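This report concerns only the one structure given below.
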There are 2 protein chains.
Amino acid sequence: MATKPHRITRPGQITHPVSATRYVRRGGEICRPGAAGRPWRVLQGSIRLDHVIDDEHALAGLAVAGDIIGLETLLDNRYRYQASALVSCQLEPWYPDTVEEPAQASLQWLIASQARTVDMLALRIGRAHERICRLFAMLGHMPVELPRLRDIAEITGLVKETVSRTMTELHAQGLLRQDVRPRQSRVRRCSSHDAIMYA
Amino acid sequence: MATKPHRITRPGQITHPVSATRYVRRGGEICRPGAAGRPWRVLQGSIRLDHVIDDEHALAGLAVAGDIIGLETLLDNRYRYQASALVSCQLEPWYPDTVEEPAQASLQWLIASQARTVDMLALRIGRAHERICRLFAMLGHMPVELPRLRDIAEITGLVKETVSRTMTELHAQGLLRQDVRPRQSRVRRCSSHDAIMYA
DNA sequence: CGAGTCATTGAAATAAGTCAAACTGGGTGG
DNA sequence: CCACCCAGTTTGACTTATTTCAATGACTCG
């Protein structure tokens, strides 16, 4: 707080809504189902959405730069999915464009959502290295920061060991930049305080 | 024809448009991307949606009884996906409920779409028999008519041989009704005339 | 420094894919 | 009307990519 003024870790404590850009580090939780909140636009990074039911979680979607998450909050102010950062993310609050006709806009979101579904499904067929490369393509080619192997595994429907071996292979083939390795960075113990807000 | 009056096998030959209910037989095409059309409500049966690009097709979604397909036509009157009947289907034209606020309704569709995505993704992880059983659960337990093995395979991300073997297994375990076998019925040569309309 | 998570590696087990061949049954055309 | 055709299905033998299980190393964070 002292070194980073205006930092807020709890929703509802927004101090200076001048620029409410929100930074979430790799592995951090962005929102949880049932919690109150608003939609966000992803400025940077990539996000996984999970459907959580009885502490079982199932992959529900991916969001990359430009996408809007939490649209369902427009309905009743509640998140339906858990969102967590695959890599470090930058978000900004998003408000519906009142200029555009609401129904039209909603249809656009629907179409975008369905298009994303096609890509997601494709991440679960084919060989391991195909799946992983396809994922990287979705997240933006040549990522500087790599998602956790566990995340990659859960998204592609592989196990983490397979992902690890495949990544090693990809490195050997020069398909990944030398410096891009997943080994670094342990995800901070997730205590719902991973979000860092700048005012 | 003698025993089943009013049966028509070619579109364009609608005789009595009193009820525009549309019947499509297993394997039949319901709509194709780019074509003009309207939304339909699925009354019976189940449908696969495919994203077609350069005669490559990728599974894009599933629709079961109660679902509405072709919502995107509200935007520009054009279908985005190819829809074909996994099993024989009954459809009726669907019109947006003007009573409900459009944006609200659109959000509901979006939420439904995302929920369906979760289920679809689940069809591509786990063992073959788990995937297939999960699919049947989605399509409504204990289907009387079975989708083509090829469809089951493409939806679950397996190959048709694996599906065939697994089905045999399921039969042996009594998990499928004796009379429910996929072997019957060859899908009619698909010349865009598979729709059957009743007046 | 320990605790815990994440990543890596190896060896063995196996479920699923591949390739090939035969069967099936309903359309279709002669 | 019937033989043929063909998509769909079934089955077998073989291959292999991936999972599983287990153990170790690496790095963060408290």
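Because the structure is a prediction, the values reported are computed rather than measured. Sequence lines set the chain letters: A, B, ... in the order given, protein chains first and strands last, and positions in each chain run from 1.
- Between B:Glu154 and B:Arg150, at least one side-chain nitrogen of the basic residue sits less than 4.0 Å from a carboxylate oxygen of the acidic one, meeting the salt-bridge criterion.
- Here B:Leu75 contributes atom CG and A:Gln108 contributes atom CD; the two are 4.5 Å apart, rounded to the nearest 0.5 Å.
- Of the candidates D:dT19, D:dT9, D:dA13, the closest approach to any side-chain atom of B:Arg165 belongs to D:dA13.
- Checked against C:dT8, D:dT10, C:dT9, the side chain of A:Leu149 finds its nearest nucleotide in C:dT8.
- Nearest to the side chain of A:Arg127, among D:dT11, D:dT18, D:dT20, sits D:dT18.
- Atom CD of B:Glu161 is separated from atom P of D:dA7 by 16 Å (rounded to the nearest Å).
- Atom CD1 in B:Ile30 sits 3.5 Å away from atom CD1 in B:Ile47 (nearest 0.5 Å).
- The phosphate of C:dT9 has neither OP1 nor OP2 within less than 4.0 Å of any side-chain N or O from A:Ser164.
- Atom CD of A:Glu154 and atom P of C:dC6 are 10 Å apart (whole Å).
- Between the CG atom of A:Leu170 and the C1' atom of C:dT8 there is a distance of 15 Å, given to the nearest Å.
- Of the candidates D:dT18, D:dT20, D:dT9, D:dT18 carries the atom nearest the A:Leu158 side chain, counting heavy atoms from C-beta on.
- Rounded to whole angstrom, the span from the CD1 atom of A:Ile125 across to the C1' atom of D:dT18 amounts to 17 Å.
- With D:dT19, C:dA7, D:dT11 as the candidates, the nucleotide lying closest to the side chain of A:Arg26 is C:dA7.
- By the criterion of side-chain heavy atoms lying less than 4.5 angstrom apart, applied directly or through intervening Ile, Leu, Val, Met, Phe, Trp or Tyr residues, A:Leu91 is not grouped with A:Leu74; the two fall into different hydrophobic clusters.
- Comparing C:dA7, D:dG8, C:dT9 by their nearest atom to the side chain of B:Arg148 picks out D:dG8.
- The side chain of B:Thr162 lies closest to C:dG17, out of C:dC6, C:dG17, D:dT10.
- Nucleic acid contact class of A:Lys160 (heavy atoms, under 4.0 Å, all strands): none.
- A straight line from CZ of A:Arg150 to P of C:dT8 spans 16 Å, rounded to a whole angstrom.
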